[in-house]
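Read the structure below first, then the notes.
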Amino acid sequence: MTVYVVQISDLHLFAKPHHRLLGVDTEASFLQVQKAIAALDPLPDLLLLTGDLSQDGSAASYARLRAHLQTLPIDTYWLAGNHDRLHTMNQELHAERLFGDKSFSRENWSFILLNSLVPGKDSGYLTERTLLWLKQELQRSKAAQHHVLLALHHPPFSVDSAWLDQSALQQPERLFGVLDEFDHIRLVVFGHIHQDLHRRREGVDYLACPSTCVQFRPKSPQFGLEVIPPALRQIWLERDGSFKTQVQRVGAALQRPNLALKGY
Ligand SMILES: [Fe+2]
């Protein structure tokens with residue numbers, strides 16, 4: 001059976017509803033994406049949120065996200081981004097179909113969600129403890145003859161955008177050192193860069209998801225925005241380890257983002 005996954009990322013919700021990031025009402029933009037997910041037929045088997053769910057890390061922003069997600073009859077998993085507060089997420093982001101688990105499986109696929117958040121920093125880093133846990137999870141999924149989808153917030157390489165590259169995953173070779181020991185990892189999904197991206201490395205596909213709010217301009221040396229709609233990523237995981245994926249843009253860009261409004 002195919003496992004149908006939808007990934008969304010970088011919601012940047014605020015404590016106050018309808019607060020704006022660079023001129024964009026992030027909650028209204030997210031709700032537009034959520035509506036598109038609710039209209040998918042069939043509904044996905046699971047929803048994956050890859051970080052920066054809140055802009056200010058407030059309990060109120062996570063509580064409202066939880067309430068919004070509870071309107072979707074879809075099992076939902078999440079991980080933290082650089083703008084998030086993990087402790088607060090762990091307190092707020094639990095509900096009937098909303099799970100804090102970082103390792104789970106569906107059919108013959110294992111899902112491993114990594115925490116690359118370093119409090120107070122925009123860039124990401126994986127601790128020794130996280131890498132050790134990753135290795136154990138990979139050994140376990142290998143023994144179960146599963147394929148693996150790995151998720152984290154930060155891109156583990158340059159995306160040819162100097163300003164974004166400064167906040168990529170630091171020392172990614174430590175991650176690759178673990179991944180290269182295994183041959184059953186099929187794809188790695190991430191967020192943070194607010195744009196669609198596909199790379200291939202050592203037989204593994206790396207996919208970025210656009211944001212549910214503002215979109216960054218690809219390959220821009222400095223901070224730059226694009227006026228294109230928010231998006232979700234659909235991924236269909238097959239029993240033989242292959243997959244199909246597409247980015248679906250949702251509606252129109254709600255507002256023209258305003259570069260003059262600093263604050264990302
Ligand atoms: Fe981020």
Side-chain angles (χ1 to χ4, degrees), residues 6-15 19-27 29-30 33 47-58 61-62 65 76-90 92-93 102 113-127 130 150-172 175 188-199 206-226 228 230-233 247 257 259 261-264:
V6 164
Q7 180 195 4
I8 58 172
S9 204
D10 297 85
L11 285 57
H12 293 274
L13 304 184
F14 291 89
H19 203 76
R20 287 166 187 261
L21 175 69
L22 300 158
V24 172
D25 179 334
T26 56
E27 191 154 342
S29 193
F30 161 70
V33 175
L47 180 61
L48 203 54
L49 276 58
T50 49
D52 282 359
L53 310 189
S54 173
Q55 169 73 9
D56 54 20
S58 60
S61 63
Y62 295 125
L65 174 58
T76 300
Y77 297 84
W78 53 266
L79 55 80
N82 47 297
H83 285 274
D84 287 311
R85 282 205 196 118
L86 189 54
H87 179 69
T88 314
M89 294 173 105
N90 279 326
E92 298 291 338
L93 290 180
K102 301 299 177 248
L113 279 50
L114 295 179
N115 176 35
S116 56
L117 164 65
V118 184
K121 286 200 172 180
D122 285 335
S123 59
Y125 186 77
L126 300 170
T127 62
T130 298
L150 187 71
L152 77 167
H153 180 69
H154 294 85
F157 37 60
S158 158
V159 296
D160 304 319
S161 189
W163 77 277
L164 272 174
D165 289 344
Q166 287 176 1
S167 64
L169 184 76
Q170 304 299 294
Q171 300 179 27
L175 170 63
V188 178
V189 302
F190 54 93
H192 188 63
I193 60 171
H194 294 219
Q195 61 193 271
D196 182 8
L197 184 91
H198 176 212
R199 292 270 173 83
Y206 290 77
L207 300 162
C209 188
S211 164
T212 62
C213 55
V214 294
Q215 312 300 318
F216 297 151
R217 183 172 302 140
K219 301 193 175 178
S220 175
Q222 326 83 13
F223 181 78
L225 296 170
E226 283 213 312
I228 47 172
L232 55 95
R233 178 180 285 284
V247 163
L259 250 182
L261 298 171
K262 280 287 172 199
Y264 174 70

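Just so you know, residue 1 is the first one in the sequence shown, and it goes up from there. Remember, it's 1-based here, ligands and their atoms both numbered in the order they're listed. Here the structure is a predicted model, which means the values were calculated and not measured.
Here the Fe ion (ligand 1) is the vertex; the OD1 atom in N82 and the OD2 atom in D52 give an angle of 100° (to 10°).
For H198, the NE2 atom sits in a packed shell: over 12 heavy atoms of surrounding residues, nucleotides or ligands are nearer than 6.0 Å.
Taking 2.8 Å as the threshold, H153 counts as a candidate ligand of the Fe ion (ligand 1), since one of its N, O or S atoms lies below it. Residue D122 does not count as close to the Fe ion (ligand 1), with no N, O or S atom under 2.8 Å. Under 2.8 Å from the Fe ion (ligand 1) lies no N/O/S atom of S167, from backbone or side chain alike. For a distance bound of 2.8 Å, the N, O or S atoms of H83 include none lying that close to the Fe ion (ligand 1).
Looking at H192, its N, O or S atom nearest to the Fe ion (ligand 1) turns out to be ND1.
Neither side chain, T26 nor H12, offers a donor N or O lying under 3.5 Å from an acceptor on the other.
Within the 3.5 Å criterion, the main-chain N or O of Y62 finds no donor-acceptor partner in the side chain of S54.
Among residues two or more places apart in sequence or in another chain, the side chain to side chain contact (heavy atoms under 4.5 Å, CB included) test is passed with R233 by Q7, D196, L207, C209, I235, T245, V247.
The side chain to side chain donor-acceptor pair (under 3.5 Å) test with H192 singles out one residue from D10, T50, N82, and that residue is N82.
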